[in-house]
Amino acid sequence: MNLTLELATAATVVASWLFSYLIYSQSKRGFPFPTVGLRNELSAHVRTTLRNLREAEGLKNAIHQGYSRFTKHSRLFVLPCYLNGDMVIVPREHASAIANAPDSELDPYPVADEYMQKDYTMTIRPNEAIIIETIRKHLTGKSLESMLPTIEEEIEASFDDTWGTNYDDWTEIHPWSATIQIASRTLNRVLSGPTICRNPLYIASLISYMRDVLLDAVIIRAFPRIPRPVAAAFVTRRLRRNLKTFTKLMLPHVEERVRQMRRKQEDPDLDWEAPNDFITWHVEASYRAKSAYERDPYIICERLNVMNLVAGHTSPLALSNFLIDFFSLDSSSNTALEERLAALTEEVERVYAEECPNGQWTQTALNKLVRVDSALKESFRLHPLSLKSVERKVMGDTGFLIADSGTVPKGSVVGLPIWEIHQDPDNYGPNAASYDPFRYSRAIETGAASAAPKAYAATTPSSDFLHFGLGRHACPGRFIAVQMLKMDIAYLLRNYEVQPIAKKPPILFQNLALLPQKNFVLKVRRKQRDGCLK
Ligand code: HEM
């Protein structure tokens with residue numbers, strides 16, 4: 001495309017954006033609930049959404065205002081938000097009604113599709129039944145146990161490559177870029193095996209693709225529906241290039257696997273065993289479902305992309321946030337860094353010595369890392385992915401009735417104010433705003449939690465802890481995610497020193513998302529362990 005054409009396209013897109021925005025500004029919304037942040041001014045709704053968009057913490061402040069004025073008095077309120085659409089914020093006491101409603105009444109998928117702008121950024125939904133079925137069958141319980149040695153091997157290799165093995169000097173790392181490398185390699189080891197996951201070009205184009213989807217989706221969402229296809233074609237050029245690169249690398253690998261699995265089906269004596277990874281599980285599921293479509297190598301590649309999208313950025317975010325919370329000197333209200341580091345390292349070394357005689361983590365051993373679990377969960381609590389959670393679209397013609405609070409009209413989106421719930425002293429006591437790494441393990445170690453220790457685990461969602469969502473659609477990947485993160489933390493505590501962070505870098509609020517500071521530098525050095533690298 002030449003420059004004149006690009007400028008003409010951009011001008012058309014901007015003009016149609018302005019036109020559609022004018023239409024949006026005149027439209028009536030008609031929610032039977034108060035709208036937060038409206039001032040007594042002309043075009044109040046539009047001006048509020050613009051203010052929320054312009055000010056980095058505009059939406060955070062608006063939710064805070066609504067939470068204190070309405071949610072705390074068991075009332076619903078409307079959050080005006082242009083990029084994501086207006087949303088009805090529901091008090092915590094209705095969390096389970098929302099999370100367990102059938103999809104015919106409250107459906108999460110249209111919200112996710114809109115958020116990711118699926119029509120322009122991907123071809124398949126993250127939540128297709130075959131993906132969820134495969135995760136539930138192979139990445140939980142006993143099946144997950146059999147994956148742990150593979151995961152551990154990749155964690156060790158990727159830490160060594162990205163954090164270095166230098167005993168003498170401190171190495172500077174950017175937590176975000178270093179952890180995304182580790183997490184992407186580890187995840188792709190589970191998805192497609194060691195050859196692909198160690199291909200630097202594959203990992204680089206995947207990481208760019210994940211970044212582009214999130215970024216491009218925000219830009220596309222800024223355009224009203226009419227000019228969207230034109231805008232999207234323009235915006236997603238780099239995304240499509242990256243998608244092409246890693247599909248080109250993955251496709252022959254998948255084709256070969258499908259071919260071998262077919263040969264094995266025809267001749268069970270064939271001297272070849274299918275590797276234990278997502279590609280194999282997916283092809284097996286396609287045989288069970290008698291679906292040739294699901295066996296199409298191109299479709300399998302799409303599924304792998306989508307798995308990377310749902311899982312690829314959440315784990316590195318969690319690890320970056322943990323590093324910042326745990327190693328900041330000003331992080332904790334009640335344990336000094338030295339004290340919490342000693343307590344965590346002691347647990348990791350003790351459990352490893354007692355439970356891992358073969359030098360490999362098992363589910364039983366990882367489940368005994370209650371302090372690590374707690375320190376991680378506390379970081380999850382302080383860093384939700386977004387300011388709201390458990391978002392669902394109202395599907396029923398008569399709307400969705402929220403007991404004693406009113407009916408939310410069809411087509412609206414409801415959500416829970418996760419950031420406020422996680423920060424509320426009524427839920428977490430007077431130190432709710434600070435990092436207390438042993439908040440959950442303390443109750444387990446003193447026996448106070450003996451009746452229901454599982455309730456304290458990082459993988460257990462509740463109306464107070466919504467990091468993995470809640471109810472029917474709670475994240476099915478949370479079990480593997482938490483076990484991977486625990487192995488990451490165990491490996492780094494056993495093998496690296498990390499220089500304390502004098503001042504904790506503040507969270508970046510962007511629209512509704514919470515992000516760690518990306519340019520922030522951490523200094524790390526390899527520990528010397530009697531000639532043993534593990
Ligand atoms: C720390 C890491 C992760 C976090 C914080 C996270 C968080 C979430 C959240 C908040 C949801 C929406 C739940 C709801 O609406 O109730 C979700 C859904 C989902 N997650 Fe995760 N996730 C993580 C890792 C993973 C991993 C590793 C996988 C795959 C192996 C995965 C696969 C999925 C899928 C398929 C869904 C859609 C479930 C459905 O619609 O029924 N996630 N995740």
Side-chain angles (χ1 to χ4, degrees), residues 118 121-140 142-154 157-158 184-210 239-312 476-477 480:
K118 173 196 152 279
T121 58
M122 57 181 95
T123 51
I124 283 172
R125 277 179 159 172
N127 24 44
E128 302 243 347
I130 196 161
I131 293 185
I132 296 180
E133 179 201 312
T134 307
I135 297 174
R136 292 207 173 118
K137 185 165 160 45
H138 295 281
L139 295 177
T140 59
K142 283 224 173 340
S143 312
L144 175 54
E145 176 91 59
S146 70
M147 293 306 297
L148 293 182
T150 313
I151 295 173
E152 189 174 358
E153 189 182 285
E154 204 54 48
S158 50
S184 298
R185 268 178 62 169
T186 316
L187 176 69
N188 280 278
R189 179 70 187 260
V190 174
L191 297 182
S192 49
T195 322
I196 290 284
C197 87
R198 292 187 182 175
N199 181 328
L201 181 60
Y202 177 79
I203 294 294
S205 51
L206 186 64
I207 292 175
S208 301
Y209 171 69
M210 291 192 290
L239 176 150
R240 282 180 277 130
R241 245 195 335 268
N242 280 317
L243 193 60
K244 219 165 153 185
T245 307
F246 68 75
T247 305
K248 200 168 148 197
L249 292 168
M250 179 63 87
L251 199 58
H253 183 71
V254 175
E255 282 170 342
E256 176 59 16
R257 180 75 62 81
V258 174
R259 202 166 26 245
Q260 289 287 65
M261 287 183 77
R262 196 183 316 119
R263 285 182 62 211
K264 183 80 181 183
Q265 254 220 341
E266 287 159 7
D267 173 11
D269 295 329
L270 185 76
D271 185 18
W272 179 84
E273 288 307 323
N276 190 24
D277 62 23
F278 185 85
I279 303 178
T280 298
W281 307 329
H282 194 282
V283 175
E284 284 169 356
S286 77
Y287 282 125
R288 278 197 301 279
K290 298 191 175 38
S291 164
Y293 169 82
E294 292 295 351
R295 227 167 297 139
D296 177 338
Y298 187 77
I299 298 300
I300 298 175
C301 284
E302 291 286 342
R303 301 268 188 247
L304 289 164
N305 299 346
V306 160
M307 284 290 285
N308 272 295
L309 271 181
V310 287
I480 183 171

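By convention here, the first residue in the shown sequence is residue 1.
Ile196 approaches Leu249 most closely through the heavy-atom pair CD1-O, 3.8 Å. Closest approach of Ser208 to Asn242, counting heavy atoms only: CB-ND2, 3.1 Å. In terms of heavy atoms, Arg185 sits closest to Cys197 at CG-O, 3.2 Å. Nearest heavy-atom pair across Pro149 and Ser146 is CD-O, 3.6 Å. Between Val283 and Ile300, the shortest heavy-atom distance links the atoms CG2-CD1, 3.7 Å. Scanning both residues, Ile207 and Ser184, for their nearest heavy atoms gives CG1-OG, 3.8 Å.
For the pair Asp267 (side chain) and Arg263 (backbone), a donor-acceptor distance under 3.5 Å is absent. Checked by atom type and distance alone, the side chain of Lys264 never pairs as donor or acceptor with a backbone atom of Glu273 at under 3.5 Å. Judged by distance alone, with hydrogens and angles left aside, the side-chain atoms of Thr247 form no donor-acceptor pair with the main-chain N or O of Lys244 at under 3.5 Å.
To the nearest 0.5 Å, the span separating CE on Met307 from CD1 on Ile135 amounts to 4.0 Å. Going from atom OG of Ser143 over to atom CG of Leu148 covers 11.0 Å, rounded to the nearest 0.5 Å. Between the CE atom in Met122 and the CG atom in Asn305 there is a gap of 9.5 Å [rounded to 0.5 Å]. If you take CZ on Arg189 and CD on Glu152, they are separated by 11.5 Å, rounding to the nearest 0.5 Å. The OH atom of Tyr293 sits 3.5 Å away from atom CD1 of Ile299, with the distance rounded to the nearest 0.5 Å.
Each of Glu133, Arg303, Arg295 was compared with His282 under the side chain to side chain donor-acceptor pair (under 3.5 Å) criterion, and only Arg303 meets it.
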**Message:** Working note: Gln265 + Tyr287, criterion side-chain contact (heavy atoms from CB on, under 4.5 Å); need CA distance, chi angles, decisive distance, verdict.
**Reply:** CA-CA 10 Å; Gln265 254 220 341; Tyr287 282 125; 3.6 Å; yes
**Message:** Pair Leu191, Asn188 - check side-chain contact (heavy atoms from CB on, under 4.5 Å), show working.
**Reply:** CA-CA 5 Å; Leu191 297 182; Asn188 280 278; 3.8 Å; yes
**Request:** Run the numbers on Ile480 and Ile151 for side-chain contact (heavy atoms from CB on, under 4.5 Å), then give the verdict.
**Result:** CA-CA 10 Å; Ile480 183 171; Ile151 295 173; 3.9 Å; yes
**Request:** Go through the steps for Thr195 and Tyr202 under the test side-chain contact (heavy atoms from CB on, under 4.5 Å), then give the verdict.
**Result:** CA-CA 10 Å; Thr195 322; Tyr202 177 79; over 6 Å; no
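Between Leu201 and Phe246 the shortest side-chain heavy-atom distance does not fall below 4.5 Å. Contact of the Val190 side chain with the Thr150 side chain is not registered, since no non-hydrogen atoms from C-beta on lie closer than 4.5 Å. The shortest side-chain heavy-atom distance between Trp281 and Leu139 falls under the 4.5 Å cut-off.
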List, one per line, each side-chain donor-acceptor pair under 3.5 Å for residues 251-259, sequence neighbours excluded.
{"unit_1": "His253", "atom_1": "NE2", "unit_2": "Ser192", "atom_2": "O", "d": "3.0"}
{"unit_1": "Glu256", "atom_1": "OE1", "unit_2": "Arg259", "atom_2": "NE", "d": "3.4"}
{"unit_1": "Glu256", "atom_1": "OE1", "unit_2": "Arg259", "atom_2": "NH2", "d": "2.7"}
{"unit_1": "Arg257", "atom_1": "NH1", "unit_2": "Asp277", "atom_2": "OD1", "d": "2.7"}
{"unit_1": "Arg257", "atom_1": "NH1", "unit_2": "Asp277", "atom_2": "OD2", "d": "3.3"}
{"unit_1": "Arg257", "atom_1": "NH1", "unit_2": "Thr280", "atom_2": "OG1", "d": "2.8"}
{"unit_1": "Arg257", "atom_1": "NH2", "unit_2": "Asp277", "atom_2": "OD2", "d": "2.9"}

